[in-house]
Amino acid sequence: MSSPTETIHRVLDSFRIETPSWGYSDTGTRFGKFHQPAAAIDLDDKLADAAHVHRLTGCCPTVATHVLWDFSPGTDAAVVASKAASLGISIGSINPNLFQDQIYKLGSVGSPFEMARDQALAHIIDCIKLGQVTGSKAVSLWFADGTNYPGQDSIRARKHRFEAALKEAHGHLAKDQILLVEYKPFEPAFYQTDLADWGMSFLTAKKAGPQAKVLVDTGHHYLSQNIEQIVAWLLDEDMLGGFHFNDRRYADDDLTLGSIDPYQIFRIFHEIHLFAWERGGLYPEIEYMIDQSHNLKPKIEAMLQTVCTAQELYAKAALVDHEALLAAQKKGNIVDSELCLKKAFNTDVTDGIAAWRASKGLEADPLIAHRATGYAEKAAAERSKRRQELGIATEHSYA
Ligand code: AOS
Ligand code: ZN
Ligand code: ZN
């Protein structure tokens, strides 16, 4: 068995996590938005921030983009891709927007209106093409579709509309592209959501075609749901496509990963490491992505905190002694089995991760390194000025 330091080194070498463009800009709740001086204003700012995070962490080479918020009809995707490349990153998952246009009032591909369904499908196909131009692997689908009242629409008819649209979309994928199908139990639909849980995403993805997989957003479950069991089942069925990482206390809170329940994320990672160990160290291809809105925390600090937490929990989960676990399970020794997990979770991996960072020429602590660069202060000064010139609302001054 390799030493903890070697294990940490090995697993972190192949661990990549994608940051979301929307995590760098001002976002809010449905009650309002609080502005931050250093928040990104446009796509150039978002790319610069994502590149800065990658420079400090060495494990965030791609940035997820949102079509509409990042790419408008006039945007030249090839230019965006080369801008990203010049900064040392690339465009990651493409996220279509199937929920903001007025036409989507009753849904997108699930809408009873053919006009809305056609527009939604055309938009998904455009996003697939955009992915081909930018060299992105994943087109990540989240649907706000659903109904608010019993009887509003036929649940089965909506299911069929989804199946038809995703099958059609799948036909447009290039060989190296994947379609990720996300689920969410409620919000904005409050009676019935068309893709409400992993089973619905699973069946819809299966019917769409072999390049479609399920995306697990850690905030998209009912309270107390066992997410690692879902992960284990999806792994076993070769249907786990990726994650949207965040944490939650109540609903889809989009809080910092591990801020509420780090053991939950550890248990998810444990299922992945165990799966790979059983296959002789062969890890499945999984897109690890962050989906958070940093409404109150400084954006870049929140992103760095998230990435570091993900690395820490991924490293800890890799330290589970799988042989000892298997032996304890075979004997029916519940306490020893559980202790295998607890022991790994309680291991301090700070030095091991710092050693990994040093071997990559990175500072031991990306957050401290970020603060030392003065990047946020410079961005705040420049972006505040630009906001004023553009007439965009700015933060409240308590002074
Ligand atoms: C919405 O709740 C989902 O988590 C989406 O994945 C995500 O927040 C969205 O795609 C960003 O627009
Ligand atoms: Zn999500
Ligand atoms: Zn969400």
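Counting starts at 1 for both ligands and their atoms, in listed order. Residue numbers count from 1 along this sequence.
As for Asp217, its N/O/S atom nearest the Zn ion (ligand 2) is the one called OD2. When you scan the N, O or S atoms of Asp291 for the one nearest the Zn ion (ligand 2), you land on OD2. Within Asp252, the N, O or S atom lying nearest to the Zn ion (ligand 3) carries the name OD2. Looking only at N/O/S atoms, Glu182 comes nearest to the Zn ion (ligand 2) through OE2.
For ligand 1, none of its N or O atoms has an N or O atom of Asp254 under 3.5 Å away. Not one N or O of Trp142 is nearer than 3.5 Å to an N or O of ligand 1, by distance alone. Checked against a 3.5 angstrom limit, the closest N/O atoms of Asp291 and ligand 1 fall inside it. Ligand 1 has no nitrogen or oxygen under 3.5 angstrom from a nitrogen or oxygen of Trp22.
When His66, Lys184, Gln292 are checked for heavy-atom proximity to atom 11 (C) of ligand 1, His66 turns out nearest. Ranked by closest heavy atom to atom 10 (O) of ligand 1, the top entry among Thr27, Asn95, Leu68 is Asn95.
By the criterion of a heavy-atom distance under 4.0 Å, the side chain of Phe99, and not its backbone, is placed next to ligand 1. At a 4.0 Å heavy-atom cut-off, ligand 1 does not touch Glu187 at all. Residue contacts with ligand 1, taken as heavy atom pairs separated by less than 4.0 Å, involve Trp69 solely via side-chain atoms from C-beta onward.
Note on Tyr183: it clusters hydrophobically with Ile286, by side-chain heavy-atom contacts below 4.5 Å among ILVMFWY residues. Residues Met303 and Leu313 share a single hydrophobic cluster, defined by chaining ILVMFWY side chains whose heavy atoms lie under 4.5 Å apart.
In this structure, Gln132 and Leu173 approach most closely via the heavy-atom pair NE2-C, 4.2 Å.
The ligand atoms of ligand 1 that sit less than 4.0 angstrom from a heavy atom of His244 are 6 (O). Set against the non-hydrogen atoms of Asp217, the atoms of ligand 1 under 4.0 Å away are 4 (O).
Put simply, the side chain of Lys137 does not reach to within 4.5 Å of the side chain of Thr62, judged on heavy atoms.
Of all protein heavy atoms, the one lying nearest to atom 3 (C) of ligand 1 is Glu182 OE2, 3.2 Å.
Phe162 does not carry Arg158 over the face of its six-membered ring by the limits of under 6.0 Å from the centre and within 45° of the normal. A cation-pi geometry, defined here as NZ or CZ lying under 6.0 Å from the six-membered ring centre and within 45° of its normal, does not hold between Lys316 and Phe266.
Remark: aromatic rings of His396 and Phe34 are distant, center separation not under 6.0 Å.
Taking OH of Tyr24 as the start and NZ of Lys46 as the end, the distance is 11.5 Å to the nearest 0.5 Å. To the nearest 0.5 Å, atom CD of residue Glu363 and atom OG1 of residue Thr373 are 10.5 Å apart.
Under 3.5 Å, the side chains of Glu168 and His170 contain no donor-acceptor pair of N or O atoms. Counted by atom type alone, Asp291 and Trp22 present one or more donor-acceptor pairs between their side chains at under 3.5 Å.
At a threshold of 2.8 Å, the Zn ion (ligand 3) has no backbone or side-chain N, O or S atom of His244 nearer than that distance.
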